[in-house]
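Computed from a predicted model, the values in this text were never measured in an experiment. The residues of the chain are indexed from 1 along the displayed sequence.
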Amino acid sequence: MRLIIKCQRIRFQLSGLKVINVMCRLLVVLLCSFLSLSVWSQNEGSKVFQIVNPDYKVSPYTGMTKQHWRDAAMYLLEGAFSYIHTLDDPMKFPKQSGKSYPQKESQIPTEKLEGLCRTLFVAAPLLKDNPNLIINNIKVADYYRYQITKLVDFSSESYIIPRAKNGGPSQNLVEFGALAVSMLINPEVLWNPLPQHQKDALANTMLSYGDGPTVDSNWKFFNIFVLSFFKEQGYVVNEKLLVEYLEKSLTHYRGQGWYNDSPAYDYYSMWAFQMYGAIWSEYFGNKYYPEIALKFKNNFNDLKTNYPYLFSENGTMIMYGRSISYRIGAIIPFPLMGLNPNENINYGWMRRISSGVIKQFFTHPDFMNDKVPTLGFYGAFEPAVQNYSCRGSVYWMGKAFLGLLIPDENLFWKATENNGAWETEFKKDEVYNKYQKASEILITNYPNIGASEIRAWCHEKVKDDWQKFRSTENYNRLSYNSAFPWQADGDDGEVAMNYVIKNNQLNWEAFRLYTFKKFEAGVYYRDVVLETDETIKFRLADVPLANGILRVDTNDSNKPIAMRLGHYALPQLGSEIKAVTKKVKGFEVTIIDNGKYQLAMIPLLGWEATEVISTKGLHPESESSKVINVVSNKSSNKIYATLMLWKKSGDVFTNKELMPIRNINVSKDANTISVNMTNGEQKQINY
């Protein structure tokens, strides 16, 4: 419970009582379980989301019900509409410094288009419940209809020129696809009231993009939704192309709920593909193309056995992959499970995850700046920003609120919250791996700290990465953990959860060219080569343990190299991060503790030194952070074995936990390594 002691006059309406004046906000402490709060952070006047009247009976973990989801949607939309004072004001927000666009004036119309179409994801479900919604003295439905028509008004600054006959795919296609989604789910408010000449003009412009080329990725759905919407409205569309894009989209499916997004796997290749398929099937496909819709629905059904495990016990998501500023968009598959009720789905767990992710961000004081979500994970974080994003891009997260389309009486809303597998499957002092063969993804769950972790594809050269994100820390970490958001690399070799090698240009270069080999007997195997020097190559073996990771990696390089390996990093959350070293069974143990978590790193074989490195501006949660690196300078050792452990702060590491290994035996050819654990288990590494 947040303590609020600033005195001022506040008015409350109490059921059955008269309106009373309260002189001091200290009284709110006693009433906050029942009364509305409005708390302002120090982040430039941005309001921190509060859960009003939490319902801990149906939602014992988060207190959130469907009404609180509506409140969260309003929280986002009210921030956006704080910039709207007349119908002519565009959804254009303060630019965040850095690589995001617009970088030139010609990009501003597309920036406005993004703000309009993406905030509409939040507004469209709310308008379905309340077509007369008013925010900031603006009738929301009137605003969006007016602004939509300005897109085809040649005299308007928001005018979007139709695609040229030889024009390729563009950001305009993306946003028109988004607009088509909102109009498809709520034509009664967004489309039907428009005059016919404006409908025809919109059809002409939007179909010029939809009936055209696309990108071989989830982008095909933008064409699909444009073509589908206008077919639904009686326009003649290119149905041959529509079917072609639908069938090609299905070829991206790899199994266990995962689509491949040419070539990456990330949250987006799960939630975007699955959401598009589910919404398209429900609002169009079931009627016109039932066989294709059935394929999308069957693929959607597969995600329930894997995707929920990617979230922590507390319902937090991992910072992983591109476009992480979309944040809560990752939860949309969970409410959409309510479209086709299934007795095998634990709806209480699905809502617990979903509401937990909303709380993860909406209650964070750095989430909003200038009443608009930042480009970043919590606050603004430039290393996680892609150059295709503008400030309004963040409202892509509004797709989470398409969950409000699920009826009030649906089990997704009515089932009692629970922690699912964390209660029924997982036991303390154990580790659980969920391997997905088709996508080669490994999801690991750690009950001791309630964290989830992922290992997945990364094989992108910087020189080929024209968008500058698939070769970066967004993908190239050895693993990603819900408790420890990834830290960016520093120029001086500071690294977290990866290797960096001193290359021929004497720069520190991170591994990124991984090739998955196998997952066998609890060990995840990959090969990796250095992009700028393919003679530097390693065979990697990750062994998840109850309290961390054992790495046993083989150096197959043909020359001595200088290199560093980093643990996860810890942000400074107040007081200085503590660092201690000690000896356990002859091994040097280094531990850092930030008051929330503690990380321990123990070099077992190959390494020459351990360093605790203080960093600035590299971590998404704090300006200051620390990371433990193990170091090898010009060494040509064959085997590098390392323990990377963790615990919650205050939970003391025992010597047995810090050294769970009795001995390590390496074969003469170094192809087989036996790790004997103190509990009697043996981990056999067979490259």
Side-chain angles (χ1 to χ4, degrees), residues 96-99 318-320 324-325 364-366 374-385 451 462 468-469 471-503 506-512 548-549 551 562-581 588-603 607-633 642 644-647 649:
Q96 186 170 300
S97 62
K99 67 174 78 77
I318 300 171
M319 181 180 173
Y320 165 57
I324 61 172
S325 60
H364 195 285
D366 295 331
T374 56
L375 284 167
F377 194 61
Y378 292 113
F381 187 58
E382 184 66 6
V385 177
V462 170
K468 306 303 179 190
F469 61 82
S471 62
T472 70
E473 298 93 329
N474 290 277
Y475 292 92
N476 69 25
R477 307 292 84 175
L478 293 165
S479 57
Y480 295 84
N481 191 293
S482 61
F484 312 110
W486 62 257
Q487 175 169 289
D489 294 339
D491 294 334
D492 297 323
E494 312 97 312
V495 63
M497 199 44 67
N498 201 358
Y499 282 90
V500 289
I501 311 294
K502 185 66 73 73
N503 63 22
L506 301 181
N507 295 320
W508 290 106
E509 179 180 337
F511 276 150
R512 59 180 65 91
I549 303 164
R551 301 204 58 79
M563 63 182 185
R564 308 173 70 92
L565 169 67
H567 201 331
Y568 289 119
L570 288 182
Q572 185 168 309
L573 301 177
S575 58
E576 184 74 17
I577 297 172
K578 298 176 183 178
V580 298
T581 60
E588 183 178 273
V589 176
T590 303
I591 302 173
I592 58 175
D593 188 332
N594 71 345
K596 184 176 182 181
Y597 291 107
Q598 50 186 325
L599 300 176
M601 200 164 190
I602 305 102
W607 299 103
E608 300 160 18
T610 305
E611 298 177 1
V612 175
I613 303 170
S614 297
T615 63
K616 295 285 187 182
L618 300 181
H619 199 280
E621 287 189 276
S622 174
E623 174 64 18
S624 299
S625 60
K626 285 186 178 179
V627 63
I628 311 172
N629 282 189
V630 284
V631 180
S632 180
N633 294 308
T642 319
M644 310 163 86
L645 307 177
W646 51 69
K647 269 200 162 189
S649 186

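The nearest pair of heavy atoms linking Arg477 to Ala510 is NH2-CB, 4.2 Å. Contact between Gly379 and Thr374 at its shortest, heavy atoms only, is C-OG1, 3.3 Å. For Tyr480 against Met319, the heavy-atom pair with the smallest separation is CD2-O, 3.4 Å. Contact between Thr590 and Ile628 at its shortest, heavy atoms only, is O-CD1, 3.4 Å. Here the closest heavy-atom approach between residue Pro620 and residue Tyr378 is recorded as O-CB, 4.4 Å. Trp508 and Gly493 get closest at one heavy-atom pair: CD1-N, 3.2 Å.
Looking at residues two or more places apart in sequence or on another chain, you find a side chain to side chain contact (heavy atoms under 4.5 Å, CB included) between Ala496 and Gln487, Ala569, Val627. Partners of Ala483 according to the side chain to side chain contact (heavy atoms under 4.5 Å, CB included) rule, which considers only residues two or more places apart in sequence or in another chain, are Ile449, Ala451, Asn481, Tyr597. Applying the side chain to side chain contact (heavy atoms under 4.5 Å, CB included) rule to Asn507 yields the partners Asn503, Gln505; only residues at least two apart in sequence or on another chain are considered. With sequence neighbours left out, Ser622 forms a side chain to side chain donor-acceptor pair (under 3.5 Å) with no residue at all. In this structure Phe511 satisfies the ring pair (Phe, Tyr, Trp, His ring centres under 6.0 Å) test together with Tyr499, Phe538, sequence neighbours excluded. The side chain to side chain donor-acceptor pair (under 3.5 Å) test applied to Ser614 returns no partner, not counting sequence neighbours.
A heavy-atom distance below 4.5 Å is found between the side chains of Leu478 and Leu565. Residues Glu611 and Arg564 form a side-chain contact, since some pair of their non-hydrogen atoms from C-beta on lies under 4.5 Å apart. In this structure the side chain of Pro603 reaches within 4.5 angstrom of the side chain of Thr610, judged on heavy atoms. The closest side-chain heavy-atom distance from Lys616 to Ser624 is below 4.5 Å. Between Asn594 and Pro571, the closest side-chain pair of non-hydrogen atoms falls below 4.5 Å.
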Take Val462 and Glu509 through the test side-chain contact (heavy atoms from CB on, under 4.5 Å) and record every step on the way to the result.
CA-CA 11 Å; Val462 170; Glu509 179 180 337; over 6 Å; no

Take Met497 and Ile549 through the side-chain contact (heavy atoms from CB on, under 4.5 Å) test and state the conclusion after the steps.
CA-CA 11 Å; Met497 199 44 67; Ile549 303 164; 4.3 Å; yes

From CA spacing to verdict: side-chain contact (heavy atoms from CB on, under 4.5 Å), Phe484, His567
CA-CA 10 Å; Phe484 312 110; His567 201 331; over 6 Å; no

Working for side-chain contact (heavy atoms from CB on, under 4.5 Å), residues Met601 and Thr642
CA-CA 7 Å; Met601 200 164 190; Thr642 319; 3.9 Å; yes

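Asp489 contributes no side-chain N or O that, together with a main-chain N or O of Glu473, makes up a donor-acceptor pair within less than 3.5 Å. One N or O on the side chain of Glu382 and one on the backbone of Lys99 form a donor-acceptor pair closer than 3.5 Å. With hydrogens and angles ignored, the 3.5 Å screen pairs a side-chain donor or acceptor of Arg512 with a backbone N or O of Ser471. No donor-acceptor pair closer than 3.5 Å links the side chain of Asn629 to the backbone N or O of Glu494. No donor-acceptor pair closer than 3.5 Å links the side chain of His619 to the backbone N or O of Leu570.
Between Tyr475 and Tyr320, the ring planes are perpendicular. Angles over 60° get that label, and only those under 30° would be called parallel.
With rounding to the nearest 0.5 angstrom, the CD atom of Gln598 is 13.0 Å from the CH2 atom of Trp646.
Salt-bridge annotation for Asp593 and Lys647: absent, with no side-chain N of the basic residue lying under 4.0 Å from a carboxylate O of the acidic one.
In this structure, Trp486 has its ring center at least 6.0 angstrom away from the ring center of Phe377.
Side chains of Ser632 and Glu608: a donor-acceptor N/O pair is present below 3.5 angstrom, by distance only. A donor and an acceptor atom, one from each side chain of Lys626 and Thr615, are nowhere located under 3.5 Å apart.
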